Amino acid sequence: MGGHGHGEPYTVPHPSCYKVENVPQLLKVKEALGRQGLSDPWLRNEAWRYEQKAFGTHRSRLATFMFRGLGVGFCAAVATIAIEYALGIGKGQGDHGHGHGHDDKKDH
């Protein structure tokens, strides 16, 4: 069973669909290199990053990366707190650990 859960296998797009000429930012890089007598044969390999329909913007990819597990993590934290509360774990421990074993009547 392949694919992304849509019932059809994932097909890799043909490299010819990604062209430097379709990406203004990469076209500027190509032209700047050309003015210096240089070329980047691998520049086309960066074109997919600018395909907003398929891959989103840089900002949307960053947001997805940063917040992907936020919902699951929040639910896990709430569940942990609820279980600790239900089992009585941690109740009244806010008063412990401070002041015990110390003489509060010391003269300074």
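As a basis for the values below, the full set of heavy atoms in this structure was taken, side chains included, without hydrogen atoms, waters or symmetry mates. All figures in this text were calculated on a predicted structure; none of them were measured in a lab.
Remark: E31 pairs with no residue by the salt bridge (charged side-chain N to carboxylate O under 4.0 Å, His left out) rule, at least two apart or across chains. Under the side chain to side chain donor-acceptor pair (under 3.5 Å) criterion, Q25 pairs with no residue, sequence neighbours left out.
No continuous path of ILVMFWY side-chain contacts below 4.5 Å connects L70 to V72, so the two sit in separate hydrophobic clusters. Criterion: ILVMFWY side-chain heavy atoms under 4.5 Å apart, direct or through other members. Under it, W42 and V23 are not part of a common hydrophobic cluster. Following chains of ILVMFWY side-chain contacts shorter than 4.5 Å, one cannot reach I83 starting from V78, and the two form parts of different hydrophobic clusters.
Between D40 and K30, the closest side-chain pair of non-hydrogen atoms is not below 4.5 Å.
Atom CG in L26 sits 10.5 Å away from atom CG in L33 (nearest 0.5 Å). Note that CZ of R44 and SG of C17 are 9.0 Å apart. Values are rounded to the nearest 0.5 Å.
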Test side chain to side chain contact (heavy atoms under 4.5 Å, CB included) applied to L43 and V29, step by step: CA-CA 9 Å; L43 195 58; V29 171; 4.1 Å; yes

